[in-house]
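The structure under discussion appears below in the form of structure tokens.
Values in this document were obtained by computation on a predicted structure and should not be read as measured data. In this chain, residues are counted from 1 in sequence order.
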Amino acid sequence: MNPIPFPEFFERHPFILGEGAVIERLRRNSDLELDPYIVNSAFIYDESKRAALESIYRQYLDIGFQYDLPLLLSTPTWRASRERIEAAGYAGKDVNGDNFRFLDALRKSYGAYAQKVVVCGLLSCRGDAYNPAEALTAADAHEFHTWQAMMLAEAGVDFLLAATLPALSEATGLASALSATGKPYIVSFVVRPEGTLLSGTPLKDAIHAIDAAVRPKPLAYLVNCIHASLFRAALLHEVNSSSFVRERVAGLLANTAALNPEELDDSVALVAEAPETFGQSVAGLHGELGMKILGGCCGTDDRHIRYLATRLASG
């Protein structure tokens, strides 16, 4: 666990560099097979897969270290719910805790720089992150996600992150489950350029609803898995264009493809963007919209995060 409480860490730094893609990069490696239930969460139990996972995380750590930037890493637990862990045959293992301890050991290997690295416990929705029709109700989501939230919190993560959420109902229940752990937490949506969640709820309304329904409320909100241009359009759209939204939304973990979620989900080929273009456009969100947490999602690798770090470090 980072010695600095995450809310203080968050306030102290003008920006925080996010990691780039992990799951997608592993998927591109034909020698590595992702688990159909828990994706990459069991990689730490296989020597060669653990080495591949470590190599990707160390690339991001090396970039943060080189530029002396605060860095955010997320545990490889995006699909590590109790239901999926049992289906995958790992019910006897502390999959969530073991993945946190794996990342914690990696950051500690960087000596004093480890104090600039925070590790979040990563969760997501139960079903298809691109299909809001599969979203749980708030009550069902609270019940479903409480177990994983508690496992990550008890392991010692710095904060909890519920990411790639398409609908308000499950996001509300997830927020409730996260808040019950006593850990600080952040909620991250997938949004459309029209300024709505995939379910059609305006982002502004979703934030107001969760802030009103859950105590303690999220430390902040993020958007992930969309291109920087689509994020900018969403935040500046008339349904969201307010200081409230820009105050509560703290950043973006961006794709390299300017595609909507359905197009991206159906794409069989990687849609890449030049690392220099990615770095410039994502870093620009800090100055223009005050975004603080900036990193990568689908299509990114260490090259994209390096250019982003270069732009952030140079001001």
Can a donor-acceptor pair be found, under 3.5 Å and without considering hydrogens, that links the side chain of [X] to the backbone of [Y]?
| X | Y | value |
| --- | --- | --- |
| Y185 | P216 | yes |
| Y113 | L69 | yes |
| S176 | T172 | no |
| H145 | E170 | no |
| S281 | T277 | yes |
| N255 | C225 | yes |
| D301 | R303 | yes |

Scan side-chain atoms only and decide if [X] and [Y] contain a donor-acceptor pair under the 3.5 Å cut-off.
| X | Y | answer |
| --- | --- | --- |
| S109 | R58 | yes |
| Q59 | R25 | yes |
| N224 | S188 | yes |

- Could you check T77, N40, L152 and say which one makes a side-chain contact (heavy atoms from CB on, under 4.5 Å) with N99?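 The residue from T77, N40, L152 that satisfies side-chain contact (heavy atoms from CB on, under 4.5 Å) with N99 turns out to be T77.
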
- Message: Using the rule side-chain contact (heavy atoms from CB on, under 4.5 Å), only one of L160, V119, L123 pairs with T75; which is it?
- Response: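 With T75 as partner, side-chain contact (heavy atoms from CB on, under 4.5 Å) holds for just one option, V119.
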
- Shortest non-hydrogen contact from G295 to V282?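 Heavy-atom minimum between the residues: O-CG1, 4.4 Å.
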
Beyond-backbone contact of [X] with [Y], side-chain heavy atoms, under 4.5 angstrom:
| X | Y | answer |
| --- | --- | --- |
| Y307 | Q280 | no |
| V249 | F231 | yes |
| L73 | V117 | yes |
| P76 | V22 | no |

Which word best sums up how the rings of [X] and [Y] line up, parallel for under 30°, tilted for 30 to 60°, or perpendicular for over 60°?
| X | Y | value |
| --- | --- | --- |
| F159 | F6 | parallel |
| H208 | F244 | parallel |
| F102 | Y57 | perpendicular |
| F278 | H304 | perpendicular |

Salt bridge check: are [X] and [Y] linked by an N-O gap of less than 4.0 Å?
| X | Y | answer |
| --- | --- | --- |
| R107 | D158 | yes |
| R126 | D140 | no |
| D98 | R101 | yes |
| R79 | D35 | no |

- Item | Spacing of C120 atom SG and F100 atom CZ [to the nearest 0.5 Å] |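 Interatomic distance, C120 SG to F100 CZ, rounded to 0.5 Å: 10.5 Å.
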
- Item | Separation between CZ of R246 and CG of L235, rounded to the nearest 0.5 Å |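 The CG atom of L235 is 7.0 Å from CZ of R246, to the nearest 0.5 Å.
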
- Is it possible for you to say whether L174 and F144 belong to one hydrophobic cluster, with membership spreading through side-chain heavy-atom contacts below 4.5 Å?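 No, no single cluster joins them.
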
